[in-house]
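To start, the structure itself, in structure tokens.
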Amino acid sequence: MKEIEISKPIGKDLSREEMLTAAARALGTAPKNVAVCRIVRRSIDARNDILYRYRIEAYAAGEEYREYELEEYKDVSSAEPVIIVGAGPAGMFAALRLLMSGLKPVVIERGKDVHGRKQDMAALSVSGKVNPDSNYCFGEGGAGAFSDGKLFTRSSKRGDIREVLHQLVKFGADPSILVDAHPHIGSDRLPLIVENIRNCIVEHGGEYHFSTKVTDIGKNGDGSISVHAECLSGGTGITFRSRKVILATGHSARDIYELFNRKGWSLEAKGFALGVRVEHPQSLVNRIQYHGKYQPYMPTAEYSFVTQVEDRGVFSFCMCPGGILVPSATSEGEVVLNGMSNSARNSKWANAGVVVSVEPGDMPRYAKYGPLSLMHFQKDVEQSMFRFSGSMKAPAQRMMDFCRRVVSKDLPATSYRPGAVSAPLHELLPEHVSWRLKLAFPEVGNKKMKGYYTNDALLLGVESRTSSPVRIPRDPVTFEYASLPGLYPCGEGAGYAGGIVSSALDGIACASRIAASLSE
């Protein structure tokens, strides 16, 4: 096998003949003797000419080649049940792995199914009415279902990413995600994929229980775990029992952290990041990233950056090219923003979180809350934004005005549907976050992205749900929770993932450990 790199200008297709010719040359044979020739990675290089760079694998006749194949799902109608709390990426992919292992996933989700939750999200955007159990964070598909569907992770140690990507393609994603360096699906296409995953799980004997909110978890005398839940759609409560439970509740399930804290179970304060959503005209980002060479047939430009300001990281987060801003509050009286993009990424705005790392020791006045210290800090910042605006409107400020500590006289148009209100974000944000952002924006504009630092950019507060501010500790080998053996803290909500792919991989890992444990 040989690996080959081929470059082509964006807008000019790489033909099969070109691939075979390059493969034959690398293998030292004729094109007819090339048995397999396939693209394994495609990335954009905009440093000089705007190019696609392809990495190709080529196999000569007689060389061993094995196509990646997913394991088959088994009929688990009569199999041992494993409870999964949460139907986000960690929960869904844990359920699929359990099907492969011959175990029955029983998925409990406080929110509605992926289509039903859209009504609640629309009400949140239009009227500011928050359904605390069905919103942009809670419901089938989790927060990732409506945040662009970015599918890359910086960690190569979490597991085999191919299982996640091939599963997504199996359920309806474009096969291009298998080769793109920065794959994404789009919030318009993800709901159908999520629904297809659920249908597969149910068809093979698994169960889903929507609008079912967990209220307590406990150990039974026989060693099994009871999960008590409230049926939000009406009726009485319900209790589920299983020897194994996967807890995949997401980074915003504060009631779960509070439940565990009341019980005296082990929790840890965990660093997270907090800042603002930054919205630029997409045309400006295109000009910057393509050095003025952007053409309409080119992919919508994205960006990312990391810098250090006084021993704390300041970085872009969840960048949504051609995207829109959405309200992600999970309770009344708070303003929280997130971003999303459809598959075409064709909005006239680009947005990204720009956030500052926050560690438990940074907030001594919250130490009285113990392991929930940063959760209370996070909540207070979100509520301060609401108190200023008095609604779901986001406190906002032009970028250069923010850095000069001047309230903006007017604001540019924004994609954020509830609207924005001019505000002194430099005062509303915690001081150690505000001044680091003040130093970071000019640096990014001067050293990394010429033109980024502009008063045409709008800062909106607050971006605070970057990851969980609490970790539920687990055994590094078995993944079990020491305070309740048989419970497996999983994904973003437990503090072990950050994004769709890493959460899915963690769900797979937890399910695999459960399968191994039950087979002993």
Side-chain angles (χ1 to χ4, degrees), residues 86 132 137-138 143 214 216-217 247-276 308-315 317 328-338 353-388 395 425 427-437 461-476 481-484 487 489-498 503 506:
C137 292
F138 298 143
V214 171
D216 199 7
I217 301 174
L247 187 73
T249 48
H251 59 40
S252 294
R254 291 169 175 164
D255 55 323
I256 294 295
Y257 304 137
E258 290 166 345
L259 170 65
F260 283 25
N261 196 47
R262 287 196 303 271
K263 288 176 171 287
W265 292 353
S266 178
L267 294 171
E268 300 171 355
K270 172 188 158 293
F272 75 117
L274 182 144
V276 293
Q308 290 285 319
V309 178
E310 294 294 329
D311 75 357
R312 284 288 179 270
V314 181
F315 56 95
F317 171 82
S328 291
T330 52
S331 298
E332 295 286 352
E334 62 188 28
V335 173
V336 185
L337 273 72
N338 196 4
V354 179
V355 293
V356 178
S357 298
V358 181
E359 298 298 332
D362 295 339
M363 306 304 300
R365 74 186 182 93
Y366 288 87
K368 62 184 178 181
Y369 296 110
L372 304 186
S373 59
L374 289 188
M375 187 189 83
H376 282 275
F377 162 69
Q378 178 191 60
K379 186 191 301 185
D380 282 356
V381 176
E382 295 168 359
Q383 291 175 347
S384 72
M385 298 292 162
F386 184 89
R387 284 195 299 272
F388 183 89
L425 272 179
E427 295 176 359
L428 291 176
L429 288 169
E431 177 62 23
H432 72 286
V433 171
S434 179
W435 72 265
R436 284 184 169 93
L437 291 175
V462 63
E463 166 65 88
S464 53
R465 304 291 177 95
T466 53
S467 65
S468 171
V470 182
R471 175 174 284 113
I472 305 176
R474 67 189 186 191
D475 185 280
Y481 185 35
S483 297
L484 188 63
L487 182 74
C490 180
E492 282 201 36
Y496 296 100
S503 295
D506 202 53

Under-4.0 Å salt bridge between Asp255 and Arg262: no
Side chain Ser384, main chain Val381, donor-acceptor under 3.5 Å: yes
Output all residues satisfying ring-ring contact (aromatic ring centres under 6.0 Å, His included) with Phe138, sequence neighbours left out; order by chain, then residue number. none
How far apart are the closest heavy atoms of Asp506 and Gly491, and which atoms are they? OD2-N, 2.8 Å
Is the backbone of Gly495 close enough, under 3.5 Å, to the side chain of Arg471 for a donor and an acceptor to pair up by distance? yes
CA sep, side-chain torsions, deciding dist, call: Phe260, Leu247, side-chain contact (heavy atoms from CB on, under 4.5 Å): CA-CA 12 Å; Phe260 283 25; Leu247 187 73; 3.7 Å; yes
Ignoring hydrogens, what is the shortest heavy-atom contact between Phe388 and Leu428? Give both atom names and the distance. CG-CD1, 3.9 Å
Could you pull out all residues at least two apart from Asn261 that satisfy side-chain contact (heavy atoms from CB on, under 4.5 Å)? Leu267, Pro371, Leu372
Distance-only polar pair, side chains of Glu492 and Ser468, donor-acceptor under 3.5 Å: no
When Leu274 is tested against each of Leu374, Val356, Thr466, Leu429 for side-chain contact (heavy atoms from CB on, under 4.5 Å), which residue passes? Leu429
Report the C-alpha distance between Ser252 and Arg465 in whole Å, list the side-chain angles of each, state the deciding distance to 0.1 Å, and finish with yes or no for side chain to side chain donor-acceptor pair (under 3.5 Å). CA-CA 7 Å; Ser252 294; Arg465 304 291 177 95; 2.7 Å; yes
Shortest non-hydrogen contact from Gly461 toward Leu337: O-CD1, 3.6 Å
Return the set of residues passing ring-ring contact (aromatic ring centres under 6.0 Å, His included) with Trp435 (not counting sequence neighbours), or none when no residue passes. none
With Phe317 via ring-ring contact (aromatic ring centres under 6.0 Å, His included) - residues at least two apart: none
Answer yes or no: are there more than 12 heavy-atom neighbours, outside Glu310 itself, under 6.0 Å from its atom CD? no
Within residues 370-381 or reaching into it, pairs that qualify as side-chain hydrogen bond (donor to acceptor under 3.5 Å, both in side chains) - sequence neighbours excluded: Arg254-Gln378, Tyr366-Asp380
So, the side chain of His251 versus the backbone of Pro469: is there a donor-acceptor pair under 3.5 Å, distance only? no
Is Arg312 paired with Glu359 through a side-chain N to carboxylate O contact shorter than 4.0 Å? no
Tell me every residue that passes ring-ring contact (aromatic ring centres under 6.0 Å, His included) with Phe315, counting only those two or more places apart in sequence or in another chain. none
Quick one: does Phe377's side chain get under 4.5 Å of Phe272's, heavy atoms only? yes
Tell me, do Val276 and Val355 make a side-chain contact under 4.5 Å, heavy atoms counted? no
Distance-only, no hydrogens or angles: does the Arg474 side chain make a donor-acceptor pair with backbone N or O of Pro489 under 3.5 Å? yes
With no hydrogens and no angle check, is any side-chain donor or acceptor of Tyr496 less than 3.5 Å from a backbone partner on Ile472? yes
Between Lys263 and Ser483, is a side chain to side chain donor-acceptor pair (under 3.5 Å) present by the stated rule, with each step listed? CA-CA 10 Å; Lys263 288 176 171 287; Ser483 297; over 6 Å; no
